[in-house]
Trainee: 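The structure that follows is given in the form of structure tokens.
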Number of protein chains: 4
Amino acid sequence: MGVTGSKAEHRISKILDAALEVFSHKGYRDSAVDDIATTSQTSKGGVYFHFPSKQAIFLALLDRMADLLLSRASKSMAAEPDWPKKGDAALATMLHTFADHRNLTRLFLVEALGAGREFNQKILEMHITFTALIKDYLDTGVVDGYIAPLETRIASIAWFGAVNEVVTRWVLDEEPGNLEDAYNPLRELLRRGIGL
Amino acid sequence: MGVTGSKAEHRISKILDAALEVFSHKGYRDSAVDDIATTSQTSKGGVYFHFPSKQAIFLALLDRMADLLLSRASKSMAAEPDWPKKGDAALATMLHTFADHRNLTRLFLVEALGAGREFNQKILEMHITFTALIKDYLDTGVVDGYIAPLETRIASIAWFGAVNEVVTRWVLDEEPGNLEDAYNPLRELLRRGIGL
Amino acid sequence: MGVTGSKAEHRISKILDAALEVFSHKGYRDSAVDDIATTSQTSKGGVYFHFPSKQAIFLALLDRMADLLLSRASKSMAAEPDWPKKGDAALATMLHTFADHRNLTRLFLVEALGAGREFNQKILEMHITFTALIKDYLDTGVVDGYIAPLETRIASIAWFGAVNEVVTRWVLDEEPGNLEDAYNPLRELLRRGIGL
Amino acid sequence: MGVTGSKAEHRISKILDAALEVFSHKGYRDSAVDDIATTSQTSKGGVYFHFPSKQAIFLALLDRMADLLLSRASKSMAAEPDWPKKGDAALATMLHTFADHRNLTRLFLVEALGAGREFNQKILEMHITFTALIKDYLDTGVVDGYIAPLETRIASIAWFGAVNEVVTRWVLDEEPGNLEDAYNPLRELLRRGIGL
DNA sequence: AATGAATGAGAGTTCATTCAT
DNA sequence: CATGAATGAACTCTCATTCAT
């Protein structure tokens with residue numbers, strides 16, 4: 001009482017953890033709210049007391065991942081004074097974060113897409129948010145004279161897609177290697193692509 | 001009985017067309033076999049006579065798209081004698097094909113991912129097939145001395161991802177622009193990425 | 001095949017019979033579609049193949065009763081050449097029909113009212129239909145000089161209500177007497193009320 | 001603590017008011033205890049502190065209405081020394097009371113019937129109570145020689161039904177007219193029906 | 001007295017799949 | 001080959017009721 005982390009918040013957190021567990025094991029559509037309830041040691045009604053729908057749980061989870069990724073990336077970029085190194089840091093952080101949260105990543109990159117038409121808007125928003133971050137970075141590079149002018153809109157999308165695919169492959173692979181091994185070649189490729 | 005199975009093939013084709021229509025409008029999970037039956041002017045039993053399950057229909061559709069894409073890309077590459085131009089041609093063909101088949105594309109890049117754990121293997125295969133095509137191309141470029149040696153495995157994945165993301169964005173956008181406008185900047189970026 | 005009374009119609013009829021049974025025993029809201037399915041020796045899906053919703057089943061049942069009542073009453077009135085005897089005949093027929101179908105009557109007069117706001121319109125319509133029949137009869141009596149002019153709108157409603165309540169009491173009573181015993185006193189009362 | 005229970009009574013009253021509001025808007029079955037709690041600015045637990053069940057709330061409401069109606073009718077009859085005028089006064093009072101409390105009336109005449117088998121007994125009791133009042137009145141009329149002997153049991157039920165139906169129609173009508181306009185024709189009809 | 005969180009038994013509805021005709 | 005009827009498991013969501021605080 002009084003302190004953040006009330007019982008309700010704790011429950012919500014437990015439910016989200018359980019949902020992540022369940023969704024990433026069975027997929028969004030094949031997961032029953034009952035599964036989430038059981039896994040979070042609550043009852044179905046308990047889940048519905050805290051979330052209005054199954055969809056809302058998924059959305060909350062997506063937000064959680066986006067926040068995590070975004071804040072980490074921003075932080076690591078801010079920590080680097082050098083423009084080119086900012087990009088390297090962001091890439092490293094992203095790969096590291098993904099590698100650390102394979103389940104959330106699966107949710108984010110795989111389940112979310114096909115979960116249903118209802119989520120498309122949300123996913124698009126998330127892609128746009130990330131791409132915008134990259135575009136900002138590239139635009140700064142152009143303005144500050146680090147790189148020659150280029151179509152940063154497409155470039156940022158392509159960068160995002162490149163990382164995305166590398167990670168998706170790792171997520172889909174049943175016997176995945178070490179995701180962070182991709183860092184060096186990927187960095188090289190991306191840098192060169194913009195003429196660095 | 002004329003050509004064997006010609007009538008059956010026609011039916012199958014009609015069903016697949018209907019399935020594409022339905023799946024890309026409502027998503028895999030939200031589409032009922034009844035919808036497909038109605039759209040293809042058959043009955044549910046009729047559909048099940050030609051396909052063992054809903055899943056099989058989706059898989060067939062995925063194959064259809066992969067074949068289409070692959071054969072077109074191969075053909076356009078074969079038509080170019082010049083190594084660097086082969087890549088340009090393939091990219092142009094891909095974008096063109098996607099642009100021409102927005103529904104199939106949605107199925108291929110969006111629905112398929114979240115359709116369920118059952119499809120992950122298939123999707124992975126398809127990604128691998130495409131990436132392999134790209135990798136072959138890049139390897140040839142290295143061997144033939146067009147480009148300097150590089151991690152072609154990661155590079156091909158990144159290329160695929162870059163294109164993928166550009167197309168996905170276009171598919172998710174409710175008021176999409178012209179996909180083929182992305183050709184020039186994307187080409188530039190990809191070429192530079194490998195040092196061309 | 002070919003003859004009316006196809007298998008589908010038979011099934012529908014069986015389902016309606018079962019629904020009547022179930023609804024009049026447990027009430028509309030306390031009846032589960034599963035109960036109806038079991039009672040009609042079908043499955044839930046079977047019921048839903050023939051009816052789009054539980055509500056629709058109830059509505060069909062209501063229509064069935066209204067048709068039955070209306071056609072019988074009309075027929076018995078038509079069979080009497082004498083104006084005053086037409087009314088007697090209709091009243092007798094109504095009481096007889098209600099007495100013969102206690103379950104349907106319960107549905108019609110008791111369950112329907114509280115089944116939910118969705119049914120209010122329907123019930124109102126049915127009340128109006130019956131009242132209109134009575135009003136026609138009374139108006140004819142006035143025109144033909146059998147009775148002095150009177151507010152036939154209210155009178156017909158009152159007549160309907162009077163019969164309604166007598167029947168409702170009989171339906172609600174757990175040890176009901178003979179409904180048709182009410183015929184004579186009721187007839188006397190109604191006739192006098194309009195000055196016959 | 002002033003008058004014993006005054007606070008509790010106040011709460012109970014607020015809950016009943018809220019329940020009336022909610023029940024008459026959404027019907028008994030479609031109303032959630034939560035709705036009542038919210039409307040009465042309490043919590044679900046609060047409601048359950050004062051009432052053992054949802055059913056009990058409804059029953060209390062029904063009693064409230066019956067008491068209101070009965071006491072008003074009795075009072076207005078007592079105020080008239082003349083036997084025939086007693087009946088007129090009661091009818092006028094009833095219509096007036098119903099007209100003033102459309103929500104309670106809906107509850108009383110519409111919702112109650114179909115609320116569930118559990119309430120049938122109660123409703124029957126209420127109908128009997130009212131009919132008994134009317135029967136008393138009619139019997140007195142017979143004994144005192146105002147009217148000729150008649151089957152007062154059926155007559156009282158018919159009277160009740162006639163009024164009931166007029167009011168029910170008014171309640172079900174979405175654009176109801178003025179209920180009290182029915183007073184004169186109804187009075188005429190009822191009086192004549194018993195030979196007055 | 002009151003609150004909000006939790007429970008858990010259902011309810012209606014959907015749908016992939018099967019199969020007699 | 002095709003049809004439409006039937007099956008039944010599963011799913012999301014609701015809600016009266018309880019109870020620790």
Side-chain angles (χ1 to χ4, degrees), chain A residues 1 6-8 10-12 15 29-38 40-57, chain B residues 5 7-8 11-12 15 29-38 40-57, chain C residues 1 6-8 10-12 15 29-38 40-57, chain D residues 5 7-8 11-12 15 29-38 40-57:
Chain A
M1 251 192 256
S6 65
K7 226 165 174 181
H10 183 242
R11 254 298 144 91
I12 287 175
I15 292 171
R29 301 302 285 254
D30 286 330
S31 300
V33 175
D34 246 333
D35 296 335
I36 300 174
T38 304
S40 60
Q41 285 164 301
T42 332
S43 59
K44 216 191 311 204
V47 172
Y48 274 97
F49 183 81
H50 292 291
F51 292 91
S53 66
K54 183 183 168 185
Q55 209 180 113
I57 300 175
Chain B
K7 214 167 160 192
R11 254 298 143 91
I12 287 175
I15 292 172
R29 302 303 283 254
D30 287 330
S31 300
V33 175
D34 240 336
D35 296 334
I36 299 173
T38 304
S40 60
Q41 287 164 301
T42 333
S43 62
K44 226 193 300 209
V47 171
Y48 273 94
F49 182 82
H50 293 290
F51 292 91
S53 67
K54 184 183 168 186
Q55 211 179 114
I57 301 175
Chain C
M1 248 194 260
S6 66
K7 225 166 174 183
H10 183 241
R11 251 301 142 90
I12 287 175
I15 292 172
R29 303 300 284 255
D30 287 330
S31 301
V33 175
D34 245 332
D35 296 335
I36 299 174
T38 305
S40 61
Q41 286 164 300
T42 334
S43 60
K44 218 188 315 203
V47 172
Y48 274 97
F49 182 80
H50 292 290
F51 292 91
S53 65
K54 184 183 168 186
Q55 209 181 113
I57 301 175
Chain D
K7 216 166 158 191
R11 254 298 144 91
I12 288 175
I15 292 172
R29 302 302 284 253
D30 287 330
S31 299
V33 175
D34 240 336
D35 296 334
I36 299 173
T38 305
S40 61
Q41 287 165 300
T42 333
S43 62
K44 226 193 301 208
V47 171
Y48 273 93
F49 182 82
H50 293 291
F51 291 91
S53 68
K54 185 183 169 187
Q55 212 180 111
I57 301 175

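Since this is a predicted model, take the numbers as computed values, not measurements. Computed from heavy atoms alone, side chains included, the values below leave out hydrogens, waters and symmetry copies. First the proteins, then the strands, lettered A, B, ... as listed; each starts at 1.
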Trainee: Please give, in whole Å, the distance from dG10(E) P to Asp35(C) CG?
Mentor: 11 Å
Trainee: What heavy-atom pair brings Lys54(B) and Ser31(B) nearest, and what distance separates the two atoms?
Mentor: NZ-O, 2.8 Å
Trainee: Between C1' on dT12(F) and CG on Asp34(A), what's the gap in Å once rounded to a whole number?
Mentor: 10 Å
Trainee: Rounded to whole angstrom units, what separation is found between the CD atom of Gln41(C) and the P atom of dA5(F)?
Mentor: 19 Å
Trainee: Under a 3.5 Å limit for both distances, which nucleotide forms a Watson-Crick or G-U wobble pair with dT18(E), could you say?
Mentor: dA5(F)
Trainee: dA10(F) pairs with which nucleotide, Watson-Crick or G-U wobble, both distances below 3.5 Å?
Mentor: dT13(E)
Trainee: Which heavy-atom pair separates Ser43(A) from Ala37(A) by the least distance, and what is that distance?
Mentor: C-CB, 3.5 Å
Trainee: Using the P atom as the point on both nucleotides, what is the distance between dA1(E) and dT21(F), in whole Å?
Mentor: 22 Å
Trainee: Both Arg29(A) and Phe49(B) contact DNA chain F. Which one's nearest nucleotide lies toward the 5' end?
Mentor: Phe49(B)
Trainee: Say you draw a straight line from CZ of Arg11(A) to CD of Gln41(A); how long is it, rounded to the nearest 0.5 Å?
Mentor: 8.0 Å
Trainee: State which of dT3(E), dA16(F), dA10(F) makes the closest approach to the side chain of Lys54(D).
Mentor: dA16(F)
Trainee: Find the distance Asp30(B):CG to dA10(F):P and express it as a whole number of Å.
Mentor: 19 Å
Trainee: Quick check for you: among dG10(E), dA6(F), dC15(E), whose closest atom lies nearest to any side-chain atom of His50(C)?
Mentor: dA6(F)
Trainee: Output the rounded distance in Å from OH (Tyr48(D)) to C1' (dG4(E)).
Mentor: 14 Å
Trainee: Atom NZ of Lys44(D) and atom P of dT7(E): how far apart are they, to the nearest Å?
Mentor: 13 Å
Trainee: Hey, which of these two, Gly45(B) or Gly45(D), hits DNA chain F nearer its 5' end, going by closest nucleotide?
Mentor: Gly45(B)
Trainee: Considering heavy-atom distances to DNA chain E, does Ser43(A) or Thr42(D) have its closest nucleotide positioned more toward the 5' end?
Mentor: Thr42(D)
Trainee: If you compare all heavy atoms of Ile57(A) against all heavy atoms of Ile36(A), which two are closest, and at what distance to 0.1 Å?
Mentor: CD1-CD1, 4.3 Å
Trainee: What's the spacing between Ile15(D) CD1 and His50(D) NE2 if we round to 0.5 Å?
Mentor: 5.0 Å
Trainee: When you measure from the side-chain N and O atoms of Arg11(C) to the phosphate of dA6(F), is any distance below 4.0 Å, counting only OP1 and OP2?
Mentor: yes
Trainee: Taking the side chain of Val33(C) as its heavy atoms from C-beta onward, which of dA16(F), dA16(E), dT13(E) lies nearest to it?
Mentor: dT13(E)
Trainee: Expressed as a whole number of angstroms, how long is the span from Ile57(C):CD1 to dA11(E):C1'?
Mentor: 14 Å
Trainee: Can you tell me the Watson-Crick or wobble partner of dA1(E), both distances under 3.5 angstrom?
Mentor: none
Trainee: Regarding Ser31(D), tell me which of base, sugar-phosphate or nothing describes its non-hydrogen contacts under 4.0 Å with the strands shown.
Mentor: sugar-phosphate
Trainee: Whole-Å distance between dA16(E) P and Gln55(B) CD?
Mentor: 12 Å
